[in-house]
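Each remark here refers to the structure printed beneath this line.
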Amino acid sequence: MNALELLMAGLLLASGLCLWRAWLGPTAADRAVSVDLLGILMVGFCAVLTVQTGKDLYMVVGLAWALVAFVGSLALAKHLEGRRFDD
Amino acid sequence: MIDFAEPRDLAAYVLMALGLAFDLVGCIGLVRLPDVYNRLQAGTKCVTLGTFLLLLGVVVRFGLGAMGWKALLCVWFVAMTSPTAAHAIARAAHRSGVPLAPGSVLDRYREDGDARDGAEQDDAVHQGSMP
């Protein structure tokens, strides 16, 4: 287990804590928060993968993941607020 | 891969380890804090800074080439989108009636929001009463 795999294990632990909050979160807003944080954590995971493999591809994946997580969080927030998506 | 004999790789690894520490602290706060709003503020700020540091580790490791500029673009994008998403979720939680933690003493947003909702209702009544 080299040093970067240690970083990945730590990020997986953080993602597990996020999933734990999504599992037991009492309201839907808690689950929206944890899903939002999971998206940002995965961008960091893509950064670690970039250093591990030295490939350009993972940074592009992280960029696209940040965009999709942002749009998903906004859609969840609109849904929680009880408005339509084009409002 | 990381080669600890090179100072650039060592600096990148220190940055990434700091980022991982911030991520872990944010996620522990997400699990431990009592309230949606507390969880948002712990989680969003710590995890955003942790992701910054992880991406800056990529910039330090590879220099400002193709990967470094993409990592900087990622930093800019996360800096723009993460507070916006957190603000939208907090507003949605407040408007959908999620209660504050029992020890909370002040809810400024409810005071302002009630005033503004009242103004909107007055507008609606006013428009409804127009011939």
Side-chain angles (χ1 to χ4, degrees), chain A residues 2-4 6-11 13-18 20-21 24-30 32-48 50-56 58-60 62-63 65-67 69-74 76-83, chain B residues 1-2 4 9 12-13 16-17 19-21 23-28 30-31 35-37 39-40 43-44 46-48 50-58 61-62 65-71 73-74 77-78 80-82 84-99:
Chain A
N2 63 15
L4 284 172
L6 203 63
L7 279 187
M8 285 190 212
L11 277 176
L13 177 64
S15 308
L17 288 174
C18 273
W20 176 243
R21 175 46 72 194
L24 86 156
T27 64
D30 290 298
V33 172
S34 80
V35 167
D36 180 30
L37 287 193
L38 265 183
I40 306 175
L41 275 180
M42 283 307 120
V43 178
F45 202 88
C46 286
V48 180
T50 307
V51 179
Q52 166 91 12
T53 61
K55 282 187 178 157
D56 203 359
Y58 291 104
M59 218 59 250
V60 183
L63 205 54
W65 200 302
L67 197 145
F70 172 59
V71 174
S73 297
L74 280 191
L76 272 178
K78 284 263 183 190
H79 178 67
L80 280 182
E81 209 170 337
R83 292 155 77 192
Chain B
M1 297 297 290
I2 288 280
F4 284 111
D9 285 12
Y13 191 76
M16 295 177 96
L20 173 67
D23 276 355
L24 277 176
V25 167
C27 286
I28 289 171
L30 181 71
V31 172
D35 192 358
V36 182
Y37 311 103
R39 281 170 204 148
L40 251 179
T44 303
C46 286
V47 173
T48 305
T51 306
F52 275 12
L53 291 176
L54 284 169
L55 291 166
L56 284 183
V58 174
R61 170 69 174 78
F62 291 106
M67 268 183 245
W69 281 112
K70 273 175 198 137
L73 193 61
C74 243
F77 202 73
V78 170
M80 288 298 117
T81 58
S82 169
T84 313
H87 174 258
I89 289 175
R91 197 181 65 164
H94 200 283
R95 287 203 179 171
S96 65
V98 177

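Every chain is numbered from 1 and lettered A, B, ... according to where its sequence line falls, protein lines coming before strand lines. No experiment lies behind these values; they were computed from the predicted model shown.
Of the two parts of B/Val78, only the side chain, counted from C-beta on, holds a non-hydrogen atom closer than 4.5 Å to a non-hydrogen atom of chain A. Contacts between A/Ser34 and chain B at a heavy-atom distance below 4.5 Å involve backbone atoms as well as side-chain atoms. In this structure, the portions of A/Leu67 lying under 4.5 Å from any heavy atom of chain B include both its backbone and its side chain. Interface remark: B/Phe52 contributes no atoms to any contact with chain A (heavy atom separation under 4.5 Å). For B/Ile28, the parts sitting under 4.5 Å from any heavy atom of chain A are the backbone and the side chain alike. Only the side chain of A/Asp36 comes within contact range of chain B, with at least one heavy atom under 4.5 Å from a heavy atom of that chain. With a 4.5 Å cut-off on non-hydrogen atoms, A/Thr50 touches chain B through its backbone and its side chain both.
Contact count versus chain A (heavy atoms, under 4.5 Å) is highest, among B/Ala93, B/Gly97, B/Ala71, B/Ala86, for B/Ala71. Interface summary for chain B: among A/Thr27, A/Asn2, A/Leu7, A/Leu13, the most heavy-atom pairs under 4.5 angstrom belong to A/Leu7. Heavy-atom pairs under 4.5 Å with chain B were tallied for A/Ser15, A/Ala47, A/Ala32; the largest tally goes to A/Ala47. Residue with the most contacts toward chain A among B/Thr48, B/Leu53, B/Val47, B/Thr44: B/Val47 (heavy-atom pairs, distance under 4.5 Å). Chain A forms more heavy-atom pairs under 4.5 Å with one residue of B/Leu40, B/Val25, B/Asp35 than with any other, namely B/Leu40.
Nearest heavy atoms, A/Ala3 versus B/Tyr13: O-OH, 3.0 Å. Between A/Leu80 and B/Ser96, the closest heavy-atom pair is O-CB, 3.4 Å. For the residue pair B/Arg39 and A/Pro26, the shortest heavy atom distance occurs at NH1-CD, 4.1 Å. The two residues B/Cys27 and A/Cys18 have their closest heavy-atom pair at SG-SG, 3.7 Å. Annotation for A/Asp56 and B/Ala66: closest pair OD2-CB, 3.9 Å, computed over non-hydrogen atoms. Of all the heavy atoms in A/Trp20 and B/Val31, the pair that sits closest is CD1-CG1, 3.7 Å.
Put simply, CD1 on B/Ile89 and CG on A/Leu74 are 8.0 Å apart, with the number rounded to the nearest 0.5 Å. Rounded to the nearest 0.5 Å, atoms CG (A/Leu11) and CE (B/Met16) are 8.5 Å apart. Taking NE2 of B/His94 as the start and CD of A/Glu81 as the end, the distance is 11.5 Å to the nearest 0.5 Å. Taking CE from A/Met42 and OG1 from B/Thr51, the interatomic distance works out to 10.0 Å, rounded to the nearest 0.5 Å. For the atom pair B/Asp23 CG and A/Leu37 CG, the distance stands at 9.0 Å (nearest 0.5 Å). Note that the CD1 atom of A/Ile40 and the OG1 atom of B/Thr81 stand 6.5 Å from one another [nearest 0.5 Å].
Contact check for B/Leu54 versus A/Phe45: no side-chain heavy atoms found under the 4.5 Å cut-off.
With sequence neighbours excluded, the residues forming a side chain to side chain contact (heavy atoms under 4.5 Å, CB included) with B/Cys74 are A/Val43, A/Met59, A/Leu63, B/Leu55, listed by chain and number. With sequence neighbours excluded, the residues that form a side-chain hydrogen bond (donor to acceptor under 3.5 Å, both in side chains) with B/Arg61 are B/Asp9.
Of the residues A/Leu17, A/Val33, A/Asp30, the one that meets the side chain to side chain contact (heavy atoms under 4.5 Å, CB included) test with B/Leu30 is A/Val33.
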